[in-house]
Q: 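Mind having a look at this structure? Questions to follow.
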Amino acid sequence: MTLQELAARGNWIVVDKTIYGVHQGFPFTLGLNTKKSSDALTMLFKTGSTVPLKVVKEIRTNLPKRTMVAQPNGGLQIIAASNESCDAYMLAMQVLSAATAAFRNAKTPIEPPKNCPVCKQAGCDSAAEINGKYVPVHRACVRIHAEKGKSEANNNEVSGSYLFGILGAFLGVLVGCVPVFLLGILAKIEVGFLFILIPFASYYGYKFFKGRLGNVARISVILCSLLGFVELQLLLNYYFLRAEGYMVSFALATKSYFANDFAALLDSTWFGLVFLAIGILYSFKMLGTTNRDRIKQTENSLQTVIPLSAPAATQNSLDN
Ligand SMILES: [Zn+2]
């Protein structure tokens with residue numbers, strides 16, 4: 001079964017390679033991986049609270065063997081495979097009824113997030129994909145959000161500056177280094193894990209200074225993060241030398257730092273470097289987001305709007 005066929009049977013919407021639907025007031029997304037003998041479904045529900053293990057177990061018992069049920073942050077993910085007696089559509093319906101029934105019957109019923117991600121108010125009337133999450137929203141808010149995103153992207157494309165962005169990325173790193181440095185000298189602990197913050201500080205600096213989005217953002221943030229990393233090592237080294245009573249100048253401390261052999265330097269910094277790398281990897285997608293991507297995201301939000309009261313695909317359509 002193709003994604004289009006599956007969506008048509010359920011009366012669901014397809015955008016890119018994902019199906020969007022609402023079942024009994026619960027928004028969900030559905031991905032399909034077609035293989036020779038069976039189709040693998042990946043369904044995701046965003047929930048307002050963590051799904052208790054008991055509910056996960058109940059869902060699993062009502063679904064075919066080898067179905068995987070996981071609880072990613074604030075949601076429930078179900079991966080199941082179809083077979084000869086149960087095609088992808090029947091399986092999707094099975095998953096939808098098992099999940100929504102277990103949600104409803106839980107001790108504290110599990111619901112989708114209550115508040116609209118745009119205006120933070122309750123009383124949502126539709127579902128839409130906002131910032132990569134398919135959640136309840138107000139239909140009017142989706143339009144406002146999309147128009148705002150689109151005009152921001154257009155403005156950034158026209159007036160965003162690489163130069164200011166690079167300056168912002170650099171200043172962002174300087175600001176981000178302050179807490180790491182202070183904690184390093186005050187707590188005298190290994191603060192390597194805090195290096196994860198540096199790429200983020202740099203990215204927000206880039207954005208704050210209205211840097212033009214795209215690959216230049218990526219490169220600037222990476223280079224500025226590395227620069228910040230080296231600068232921090234030198235400052236900490238200088239500080240600790242002074243604290244130990246060596247009255248050296250910063251230049252001399254720096255010289256002595258680089259006089260260490262490479263292995264010794266790596267040995268003392270690898271922990272921080274690992275976290276710096278994690279920070280960079282984590283922000284890599286965000287960093288490379290271009291204005292074209294952002295415009296596409298806003299179009300996706302608009303295309304995925306479904307009323308929360310949409311009638312559920314009924315068992316009758318199984319007979320079609
Ligand atoms: Zn709203």
Side-chain angles (χ1 to χ4, degrees), residues 7 10-31 42-52 55 71-78 96 99-104 106 108-158 160 200 203-204 207-208 210 213 282-283 285-287 289-313:
N11 255 330
W12 299 315
I13 292 176
V14 182
V15 179
D16 282 339
K17 283 174 182 143
T18 306
I19 288 177
Y20 296 83
V22 171
H23 186 80
Q24 301 195 346
F26 228 110
F28 66 89
T29 59
L30 201 177
T42 305
M43 303 186 73
L44 188 67
F45 303 85
K46 282 277 156 204
T47 56
S49 52
T50 309
V51 183
V55 178
Q71 304 139 281
N73 198 11
L76 188 84
Q77 187 186 45
I78 301 176
L96 286 171
T100 50
F103 288 162
R104 220 179 14 246
T108 315
I110 293 156
E111 286 166 356
K114 256 202 177 59
N115 293 342
C116 163
V118 181
C119 69
K120 317 288 179 211
Q121 307 285 318
C124 296
D125 54 15
S126 299
E129 185 173 75
I130 302 280
N131 304 328
K133 290 177 187 143
Y134 197 52
V135 286
V137 290
H138 300 104
R139 180 180 276 269
C141 286
V142 183
R143 189 154 289 279
I144 295 168
H145 180 76
E147 254 146 41
K148 192 170 156 237
K150 207 168 185 172
S151 80
E152 269 177 18
N154 282 330
N155 282 345
N156 186 273
E157 191 65 31
V158 175
F200 289 104
Y203 170 70
Y204 284 108
K207 261 187 89 165
F208 189 74
K210 307 216 183 313
L213 295 179
Y282 213 71
S283 50
K285 197 174 159 213
M286 189 162 81
L287 292 175
T289 306
T290 60
N291 288 311
R292 208 180 309 150
D293 297 333
R294 290 175 77 203
I295 289 170
K296 190 152 174 27
Q297 275 170 16
T298 66
E299 281 165 3
N300 277 8
S301 309
L302 288 170
Q303 282 169 19
T304 57
V305 176
I306 299 178
L308 279 179
S309 57

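Just so you know, ligand 1 is whichever comes first in the structure, and atom 1 is the first atom listed for that ligand.
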Q: Shortest non-hydrogen contact from V14 to D16?
A: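 Closest approach of V14 to D16, heavy atoms only: CG1-O, 3.7 Å.
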Q: Look at atom CZ of F200 and say whether more than 12 heavy atoms of other residues, nucleotides or ligands are closer to it than 6.0 Å.
A: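 Yes, enclosed.
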Q: Only protein N/O/S atoms count here: give how many lie under 2.8 Å from the Zn ion (ligand 1).
A: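 The number of such protein atoms is 4.
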Q: CZ of R294: more than 12 outside heavy atoms within 6.0 angstrom?
A: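 Yes - once you tally the heavy atoms of other residues, nucleotides and ligands closer than 6.0 Å, there are more than 12.
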Q: Side chains of N154 and S151: is there a donor and an acceptor less than 3.5 Å apart?
A: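 Not at all, the side chains of N154 and S151 share no donor-acceptor pair under 3.5 Å.
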Q: So which atom in P307 and which in V22 form the shortest heavy-atom distance, rounded to 0.1 Å?
A: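 Heavy-atom minimum between the residues: O-CG2, 4.0 Å.
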Q: Under the rule for side chain to side chain donor-acceptor pair (under 3.5 Å), what residues qualify as partners of Q71, not counting sequence neighbours?
A: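 For Q71, no residue satisfies side chain to side chain donor-acceptor pair (under 3.5 Å) once neighbours in sequence are set aside.
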